[in-house]
Structure formats: structure tokens, C-alpha cells
Amino acid sequence: SSFRLIVAALMFCVMMPLSAFAQGGNDGYVSGTVLDATGYPVVGAAVLVKGTTQGASTDVDGKFAFELPATAGANTVLEVSCLGYKTLEFPLGNQRTFEITMEDDAILMEGTVVTALGIRRSEKALNYNVQQVDNSALTTIKDANFVNSLNGKVAGVTVQQTSGLPGSGMTVRVRGASSIASSNDPLYVVDGVPVGTGNYAIAYLSPQDIETMQILKDASSAAIYGSRAANGVVLITTKQGKKSKGPQVSLNASVGLANVAKTYDVLNAQEYKELMEEIGAVAGIPEDIKDETDWFEETYRTGINQNYQLSVSNATEKMRYYISGGYSDEQGILPVAYNKRFNMKASFDSDLYDWLNVGANVAYSHYKNNGIISGTGSNRAGVVLSVINTPTYAKVWNPEKPSQYWEQFYGANLTTPAENLARTENNYTQTDRLLLTGYAQINFTKNFKFKSTVSMDRRWVHSFYFIDPIKNS
């Protein structure tokens, strides 16, 4: 019996530390499962001891397990977070196994949607990369090119006018230039449809048809548009019909004048003769030469800009429509330079059923423009410099050949500004553009919708050139 007592005592001494070790192991580890509201496992959820990096991520079955830090106690707080769900916190206490149910975070989901589609939602997570142009800047535009409204209105966006020709457009850079050889123009997206880069992409749009304009930058712009968004994205939403007591009719009209702000003092006929003889460039200029033409006054004129836009819109409980038409005529300060545009837009949107919405957009524009010969030379290379370099003794027409321009420059290779203008007075470029868009949207739930869009963008460009063989001989 004494032997049995000794054996029992030994077994008791051995089992006590094993039991203590097992009890200590259960206290040092925490495990569990993370599920969503429908009971499906949440993959990639982070379960951490709050205030530390101690924790683990859930696997494909939503399960997790990790060792608690030595300082963990009953007051330790566990934090569970995952993209698209609300972050949960709860005390550890004496519990070591958990089954956690997470709730959807609607605000975060809406913020994610802004990045991809430009839908107006909470933008707290994207306020650094997405900036919206103030609507007041759009409604006060008197220029046919609404890109002017971006100048000085959006941080990181520069707008430069590289040419003074009517309809020449602006150069837009989002956070500077990113390429030496390729284009640095941003991508323009109108009502969810990419319409291209550069001035041609948005030349058909009237500023009065625009509802909102957003600039997407960095990774947010590339999230859905890929490499085309390397230089940023300009998201444009056009106006749609709004419910009112009756059809809303809007008329916008503006007229502006443009003129040369400063002219230059040039050499008169005698000063020009003395200079040419001194440097030996030209010889044989008559002694009795005199001033005949003020080339600034002969070449430049007062430019007139006109812009008219008429729109009609309305909406009911089930249907919305917006119809507009406009005409703009920009006459440059040089007689042959102009830009004329006619534009039309119609959009219709209807709720056929509670679960089905369909709509269509039609946009058509016809614009015609002409420019001048430009360059750095004083002969046929450019109009502007020839105004300064052409001597004042030259006349517009040749007295010996009344149907031809003046050409006697005593050996100098010059042509008058009048002749340079005449070389392009019959030229013009005519563009017709038609954009058709149709879409259908199925509403499965309030927060889950499917939209399919089909669009066609057709552009016809015709260039016409004619030089009068008699006047420009």
C-alpha cells in the first residue's frame, strides 16, 4: 500500500505542472472566425491588439489565431478592421475564442466609387486627388472654350494660351508635364464616355451645357482609365432635366470686343533707307522715298465675339429631358482669322420600371475656322512679324499691276502683311462631330446597380485651301 501511495504522489506531482502549462497556453492564445452580415467569411480582416502590431489576418475561411502579448489582461481591447466594413472594438476579458460579425460601411463604399466613376459621393478619402471646379466659374464663362475656367481655380492644374487664334484652345497640364516625346494632355470624359485628349476632344461642348467638372489626379485617375489617365482626367457631367412647375427656358447671350493692346514704333521710310545703306543689306532705295502705309492700322482690326445659347428642360416623376442649341462666332483681330460653331444637345432619361432606367444623349456640333501664316520670318513665314518688318514706304497694291500686291523691295526678300493675309483668306477647316450615347441601368438594390453604356463618336474633318493666282503671283 505504501508503494501505491508513492506512485500516486509521483503521478500527482508530474500532472500538476502539465495542467498548469496547458492552462497557461489557453490564456496566451486567441482565435476565432470573422463573418459578414450574411454569414460568409471575411477574408483579409485584420484582428489586432489595440495600440500594438500584435495580431493576425483572417484566412479564406475567415479564421484567425495569434499569441497575445505578455502584457495582455482582462482590460485588453481587440480591434477588427477590414476595407468596406466598420471597425469593431471589444474587450478581451477572459474569452479566448470569438465569432465576430462585421457590418458594412456604406460611407467607405461610396468613397471608393468616387475614384472609379466620378459619382458624387463622400470624398473624404479622396480630397487630395479629386478636385471640383466651382459651378460659378462655369456659368460666368463668356468664352466658347470653357477650359479657361480651370485657370487659377484648381491646385496643380495649369492652363496656358499658346496661340491667339480664334478657337485655338488651351494647353492644360495636370501637375506638370510627364513626357518629353508623347502627349501631356489630360483625358476628357463626358458623361462617363472618354472623348479623347487635346482641344479637339471638347471643342464641341458649350460651357452652358456643363453641370459639373472634376479633375482626377494620381492613382485615383488611373484606377479605371488605365494608361490614358497618365496625365490626369477631366470628368465632365452635362446638364439633365430637373423637375419644375413647367418647362424651364434659359437664354444666354454675350458679345465681346478684342483689340490690340499695344503697337510698336517702327522706322519711318527715311530711317529705314539709312539703316539698310549703313549695313549694306539693300541698295538702290530712291532718295525721295516717303511713308505710305501704317501696317498696324492696315492689318489689325477690332475683333467681335458673339455667343448665344438656348435651352429647354423639364422632368416628371418618371421622365427627364434637356434640349439645347447654341451658336458662337469669334472674329479675330486679323481679318482672315475666325472660329464659328453651331452646337446642339439633347438628353432623355426615363424610369420604365422601378428596377429599370434607360436614357440617351445626342450631341452634334459643326464648327468652321481659319487661321494665318505664322512663323519667324518677315516674308511668307508670318503675318505678325511682317507688320513690324515691312517698310512703311510699301503700298498695299502695285500701281503698275493694280490687281496684285506690292512687291518692290529693292532686293529684300519681303512680302507685305496684306499679301500674307491673302494667302489664307480662302482657306478654312470644317468639322462635324456626332456623339450618340445610349444606356440602361438595372437596379438590383439601393446600393447595387448595373449600368451598360453604348456610345458612338463620329467626326468628319474637311480642309479647304485656295490661293488666288493673280493677287499672289
Side-chain angles (χ1 to χ4, degrees), residues 112-121 123 126-135 137-138 141 144-162 167-207 209-239 343 345 347 361 363 365 367 431 433-439 451-459 461:
T112 304
V113 172
V114 173
T115 307
L117 301 177
I119 300 175
R120 298 178 64 184
R121 293 289 189 268
E123 301 176 7
L126 299 171
N127 55 9
Y128 182 68
N129 293 323
V130 180
Q131 293 189 351
Q132 182 165 327
V133 180
D134 188 3
N135 285 358
L138 299 173
I141 298 176
N145 194 330
F146 64 87
V147 178
N148 289 335
S149 65
L150 298 177
N151 195 16
K153 302 295 191 302
V154 181
V157 177
T158 59
V159 180
Q160 294 180 334
Q161 185 171 4
T162 56
S168 59
M170 299 288 180
T171 299
V172 181
R173 295 290 178 264
V174 178
R175 292 190 173 175
S178 59
S179 175
I180 298 176
S182 301
S183 172
N184 290 291
D185 295 321
L187 173 68
Y188 293 94
V189 179
V190 180
D191 292 330
V193 179
V195 294
T197 61
N199 182 62
Y200 92 91
I202 45 146
Y204 74 97
L205 271 177
S206 170
D209 285 337
I210 299 176
E211 181 72 24
T212 62
M213 185 159 51
Q214 287 180 324
I215 312 296
L216 302 186
K217 299 179 270 188
D218 295 342
S220 63
S221 61
I224 191 171
Y225 301 109
S227 61
R228 294 178 298 176
N231 301 312
V233 179
V234 180
L235 287 178
I236 300 172
T237 303
T238 59
K239 292 180 180 179
N343 61 279
K345 178 185 181 298
S347 63
N361 292 323
S365 64
Y367 40 101
T431 304
R433 189 172 186 180
L434 177 65
L435 285 89
L436 302 176
T437 303
Y439 60 88
K451 184 177 182 179
S452 179
T453 303
V454 178
S455 63
M456 183 197 77
D457 186 354
R458 182 71 174 175
R459 195 163 63 105
V461 180

With heavy-atom distances below 4.5 Å as the criterion, would you say the side chains of Val234 and Met213 are in contact? yes

What pair of heavy atoms forms the shortest contact from Thr197 to Pro186, and how long is it? CG2-O, 3.4 Å

What one should report as the nearest heavy-atom pair of Gly192 and Pro194 is O-CD, 3.7 Å

Minimum heavy-atom distance between Asp457 and Arg433, given as atom pair plus value: OD2-NH2, 2.7 Å

Which heavy atom in Tyr188 sits nearest to a heavy atom in Gly198, and how many Å separate them? CE1-O, 3.7 Å

Locate the shortest heavy-atom distance separating Val174 from Asn231; write the atom from each residue and the value. CB-O, 3.4 Å

Would you say that Thr158 contacts Val172 through its side chain, given a criterion of any heavy-atom pair below 4.5 Å between the two side chains? no

For Val193 and Ser455 the tightest heavy-atom approach is CG1-OG, 3.6 Å

Is any side-chain heavy atom of Tyr204 closer than 4.5 Å to a side-chain heavy atom of Val190? yes

Check step by step if side chain to side chain contact (heavy atoms under 4.5 Å, CB included) holds for Val189 and Ile236. CA-CA 6 Å; Val189 179; Ile236 300 172; over 6 Å; no

Sorted by chain and residue number, the salt bridge (charged side-chain N to carboxylate O under 4.0 Å, His left out) partners of Asp185 (sequence neighbours excluded) come out as Arg173

Checking the side chain of Arg459 only, and the main-chain atoms of Leu435 only, is there a donor and an acceptor separated by less than 3.5 Å? no

Residues two or more places apart in sequence or in another chain: which of them pass side chain to side chain contact (heavy atoms under 4.5 Å, CB included) with Leu434? Val362, Tyr364, Leu436, Met456, Trp460

Just by distance, no angles: are the side chains of Asp209 and Thr238 close enough, under 3.5 Å, to form a donor-acceptor pair? no

